[in-house]
Amino acid sequence: MSGPQSNRLASGGRIDRSRALRFTFDGRSYSGFSGDTLASALLANGVRLVGRSFKYHRPRGILSAGSEEPNALVELRNGARREPNTRATTAELFDGLVAESQNRWPSLALDVMSVNSLLAPVFVAGFYYKTFMWPAAFWEKLYEPMIRRAAGLGRAAAEPDSDSYEKVSAFCDVLVIGGGPAGLMAALAAARSGARVILTDESFALGGRLLSERAEIDGGDANAWIARVRDELDALANVRILTRTTLFAAYDSGTCAAIERVADHLAAPPPHMPRQRIWRIIAKQVIVTAGATERPIVFGNNDRPGVMLAGAVRSYINRFGVAPGRRAVVFANNDDGCATVRDLASAGIEIAALVDTRASSPQYISELAAHHGVRLVNGVVTDVEGRLGVRSVRIRPHAGAPFTLDCDLVAVSSGWNPNVQITTHLGGKPRWSDTLAAFVPGELPRGMSVAGAAAGDYALYTSLAGGARAGHTAAEATGFSSPPIDTPRADDEPTSIAAFWHVQGTRHKAFVDFQNDVATTDIALAEREGYRSIEHVKRYTTLGMATDQGRTGSVNAIAILAALTDKSIPETGVTAARPPFTPVALGAFAGHHRGRTFKPERRPASYDWTKANAGVLVETGLWLRPAYFPRAGERDWLESVSREVATVRSAVGICDVSTLGKINVQGPDALALLERLYANDLASLRVGRARYGVMLREDGFLMDDGTIARLDEQHYFVTTTTANAAKVYQHMQFALQWLWPELDVQIASATEQWAQFAIAGPRARELLREIIDAAHDISNAAFPYLAVGDVTCCGGIKTRLYRLSFSGELAYEIGVPARFGPALWQRLLLAGEPLGACAYGSEALGVMRIEKGHISGPELNGTTTAADVGLGAMRSRKKDYIGRVLGERPGLVDPARPALVGLRPVERAQRLRAGAHFIARTAEATAANDDGYMTSTAFSPSLGHWIGLGLLRHGPQRQGEIIRAVDPVRGEDVLVEVVAPVFIDARGERLRA
Amino acid sequence: MRIACPHCGDRGLDEFVFLGDARVTRPMADAAEPADAFHAYGYLRMNPAGPTDELWFHAAGCHAWLVVTRDTRTHVIASVRLARDVALELRAVASTTEDASA
Amino acid sequence: MPDPILQPASAVAAWTPVATAGLSIDVRDDLTIAGIAPFRGKAQAVSEALAERYGLALPAACRRISGDDITLQWSGPDQWIAIAGRGAARDLEVELKPLLAGPAAVVEHSDARAVGVFSGKHARDVLAKGLPIDLHERAFRVGDVAITHANHIGVTITQTGNEPAYEIMLYRSYADSFADWLRHATAELTA
Ligand SMILES: [Zn+2]
């Protein structure tokens, strides 16, 4: 029966018949036209079996013509662009499109897994909880592979996503969601008032349902009216129209999110174009004109290909010029049957019967049926027969005997659900309307209104008028007044309905949620097992939890549960709809943030030189710092790092410390503020001197450490660790603005102003002498340990010099304006050459600080106190400071707390590992005997063996003891000796040299 | 959610950092039972379902600390004030009370 | 020994090549910038001192004002920055300290920032891909200043012209990452 577009109607449709497009489905070639979706093109070619269902692998076709589609899910494209679970009903056809059906093996028509249908009793409601419980070992070996094989939807691409995505912010006075008749009127009314308007629509064309119906507006074809409105909106500078854009979420304060499919209608995005972009729209007023979604009636085998929503049947005929079948039965509980019969007839499709669930149909229906010579039956379709698609239906009239009719299409409608999802994203509940037999928007979020079918106004004129009113009102609310605009002439077609949900007494399984394969029997079983709340039934049966969020099935499910529990539908309630309204690719949420640009990186002064000289960089927060600088012939990082350490200890090294946080603290009360921020005394710090300081959190634990330099009476300059710079700055502002607002202090970050280098080693002063201008005396007497001062270097460049040492050697830090950083770095290396200098990175710095027992990130880990890391004596007794009171809690001053010690292996050749746990020598290695853990380890080139720092219970009293460092992860158990946490120059003579 | 910074105007949530309850006041260092007072300050919170005063930092903006009065049930923000102004008001009230009781 | 003069490095070298039809990028590597932070109750005195010297008072929050030889820009609560061309050897920290010492903290910022002016018909649309604020002419005008972020990078944006033209300032170490984002955001224009 299928041939080249054998089901394409001879004329009609909003497709461009002059532009034929080739595509393949499951390897077979077909053609369609520009303006088709994949679904309409498949139907045009007589393809109606397009997939297999999730649990039972039942044959499935095309139910809808929109984003609510639960059945026609395909894998689109191939290779890195293969995307599973794409709705054929929204995928725009392009030349060369490649699609494959999902969930079938070996082929779509012959799927061996449809044996799942025979196993149906196993897959009933709650099967996840019941069937696969025991024995546990079966999970990995049997159940999980079986479920994965049997269920699941399509295959994700294995390669990295080759497309790019982006995010944009947009602001407007009035956001209109949906470009159907109500939305167009709303946008027009708001735009004419001068308000800034954004109009979004899922489709590539504006018009909404008008594209699918034969409607007249202002006495002419509705399409002509759409074109006129579009032209007017396009001409206005205050309007932005976003087509191919689904508004998928409403958040607080008028913030909405939309996904624009920029290039999904192309085979591949051109290299310069993103595939999709997320719009963050901040609107003062939001008008929801998102239309409505049709519901199917639930009857036996209602999931067979050929069962289609009546509105979709009209879409395929009117919008796409496709006959979705040859012989149709129309089955409805509402006046949708009318238009469907009319459009089927005018397309020349035979109509076997119009089955109206109502006891008697309105007169206009019987007249219409008579006019088209259609048999009108008041009754129900009980079952569809046909293995891979509809071959016939069984009809049970309200009066008379059941009978069978041959047909290949069942156009079904149980009424329409207003698309209320966006109105409920902020927690609002929709309200049940008996008249419409549907949930309509309930209490709306501030600044939101609803019009058209989304408000339950299905008829055309009412919808147009409602849209105009909403647009006018919304614009007025944002301060744009203008006279109301006229509603164009249009008819209100009949929309009466008599609620009907579920045909009783069917022979075959009747499905409620097609995508998750939930049948009426599953809801009944859940109810029998005590699940009476709709939210529980949802989770127990997985109803409405597929990517379609139950848009076609959930109201039917509520109605069925209501009947089972003898409650009304409003009493049964509705499950919450949550963003996103339609599935959104994770890539779109990531936008630009992937791979190397996942997060911004910060580059210090030595970055370019390090890259050019094959130095190795390491991430510290957002910074990329040099870690070490391998030289030719060095076999591994350890050799490079050891050489750098040895150079510093014997000659001089240069290290980029630009990344340290630097903060200016100035004002009459600068000292008062700092005294409260730091635990140690600062009052005695003289101008021209710096001091090490520790900062506590209010709960008494260590927050950060750094140096405080006093540059002037009222000017302090403090440093923070690289990782904590932003946190400390925020903390300082908190103290100043909230805790002690009476203090007169100004705080300003200076991190980025200064490129700063550490110059460390016995020959540091010699090297510095080459750089610092001769006028400045940097002798040990004039510029002793902990001195700080402003000098000049390299012929007058502003320079701030500090005599600080993290390595334990004679050392300085030199800061220059950042623009001179790269040049000074190279100058230092050049000037250092005759002295045997080298660049050293954070790894060597780390080794040297461990050799000196200085704490760093692993010890400043949020669980340690100043006493834990050997700095208890620094805590001032004379002042109030953040963390003082809570830091004196018994648990924090308990002498048994693990405290800082040094460790060295008894067998000197053994390696130490950070993270190893300390166990007394004779104790069993259990958690109960845990005495602490190793925080930092390093190979000390100075000592020739591994050393460590750790936090050990009663640590300071246990020096000399031999304990075990147990690393259960690596299976290591090393005997270590507890020593003082300083391995080099214990008396600190070198740094004062 | 959006917060109207008194300096910068209406901005998205992503510019702000949340700290916590603004209805707790740091005790004076010479409080009668400092351990109890600081324990309450550090750990005891009301967690109301309704209007609450919260401290937010305009981290990606002007660096002002703010006191945001927000309804935890609806996210509706009733007011946004500069933390410094609120703190100074609280100081003034506290010192008046002290004067009165002295 | 090599030439004793250290050559300054540009913070914004990576920005210039991103310019394309409809988006001009004018990088500013020649600025001297100083922070002005008046102490409590001293803003008026600072403003008067500046007015007397430069004919410009401190601008209101979120505003910038330019005179012949200096620009004053709000930079946060009770904080401003002064901006000028560096010329031969102009240094605003050195220039302002004597004038404002006492009532204000004056801090050197010249090297902390990467600065460029983005103009042209696509300037607003490109920036909207990163900056989450409303740059529409009804919401943001010449002289308006906003401190915000783009692509997780803190930026200060000032509208400097009606074309429109926007000056973007950000911390120096982020300049190359900002250029990465710019390339991404402008890709559409390069077709
Ligand atoms: Zn702000």
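Letters go in sequence order (proteins before strands), and every chain restarts at 1.
With a 4.5 angstrom heavy-atom cutoff, A:Pro741 touches chain C only via backbone atoms. For a residue to count as touching a neighbouring chain, one of its non-hydrogen atoms must lie under 4.5 Å from one of that chain's; by this rule A:Pro270 does not touch chain C. With a 4.5 Å cut-off on non-hydrogen atoms, A:Pro274 touches chain C through its side chain but not through its backbone. Using a 4.5 Å cut-off between heavy atoms, A:Leu824 touches chain C through backbone and side chain atoms alike. Interface residue C:Arg138: only side-chain heavy atoms are found under 4.5 Å from chain A. Interface remark: A:Glu713 contributes no atoms to any contact with chain C (heavy atom separation under 4.5 Å). Only the side chain of A:Asn664 has a heavy atom closer than 4.5 Å to any heavy atom of chain C. Contacts of A:Arg603 with chain C are made by both backbone and side-chain atoms, with heavy-atom separations under 4.5 Å. Proximity to chain C is limited to the backbone of A:Tyr165, based on heavy atoms less than 4.5 angstrom apart. Neither the backbone nor the side chain of A:Thr659 has a heavy atom closer than 4.5 Å to any heavy atom of chain C. With a threshold of 4.5 angstrom between heavy atoms, A:Asp773 does not approach chain C through any atom at all. Interface remark: A:Trp279 contributes no atoms to any contact with chain C (heavy atom separation under 4.5 Å).
Here the closest heavy-atom approach between residue A:Gln746 and residue C:Asp78 is recorded as NE2-O, 3.1 Å. When all heavy atoms of C:Asp180 and A:Arg596 are compared, the pair lying nearest together is OD2-NH2, 3.1 Å. Heavy atoms only, all atoms of each residue included: A:His272 and C:Thr190 are closest at CB-OG1, 3.9 Å. Between A:Gln753 and C:His109, the shortest heavy-atom contact is OE1-C, 3.0 Å. Heavy-atom minimum distance, A:Arg240 versus C:Asp125: NH2-OD1, 4.4 Å. Here the closest non-hydrogen pair linking A:Pro600 and C:Ile153 is CB-CG1, 3.7 Å.
A 4.5 Å side-chain heavy-atom check between A:Leu622 and C:His152 finds every atom pair outside the cut-off.
For the atom pair NE2 (A:His593) and CG (C:Asn151), the distance works out to 4.0 Å, reported to the nearest 0.5 Å. In this structure, CD on A:Glu752 lies 7.0 Å from OH on C:Tyr174, to the nearest 0.5 angstrom. Separation of atoms NE2 (C:His184) and CZ (A:Arg594) is listed at 8.5 Å; rounding is to 0.5 Å. In this structure, CG in A:Asn238 is found 7.5 Å from NE2 in C:His136, a value given to the nearest 0.5 Å. We find the CH2-CZ distance between A:Trp754 and C:Arg172 to be 13.0 Å, quoted to the nearest 0.5 Å.
Judged by distance alone, with hydrogens and angles left aside, the side-chain atoms of C:Gln79 form a donor-acceptor pair with the main-chain N or O of A:Ile747 at under 3.5 Å.
In the model, A:Glu601 has no side-chain atom that pairs as donor or acceptor with a side-chain atom of C:Ser177 under 3.5 Å.
Remark: C:Asp134 engages A:Arg196 in a salt bridge, criterion side-chain N to carboxylate O under 4.0 Å. Taking a cutoff of 4.0 Å between a charged side-chain nitrogen and a carboxylate oxygen, A:Arg277 and C:Glu188 qualify as a salt bridge.
When C:Ser110, C:Ala11, C:Ser173, C:Ala128 are compared by the number of non-hydrogen pairs under 4.5 Å with chain A, C:Ser173 comes out ahead. Contacts with chain A were tallied for C:Leu135, C:Leu131, C:Ile133; C:Ile133 has the most, counting heavy-atom pairs under 4.5 Å.
Listed by sequence position, C:Ala37, C:Pro38, C:Phe39, C:Arg40 are the residues of residues 21-54 of chain C in contact with chain A, using a 4.5 angstrom heavy-atom cutoff.
The environment of A:Phe589 atom CZ is dense: over 12 non-hydrogen atoms of other residues, nucleotides or ligands sit within 6.0 angstrom.
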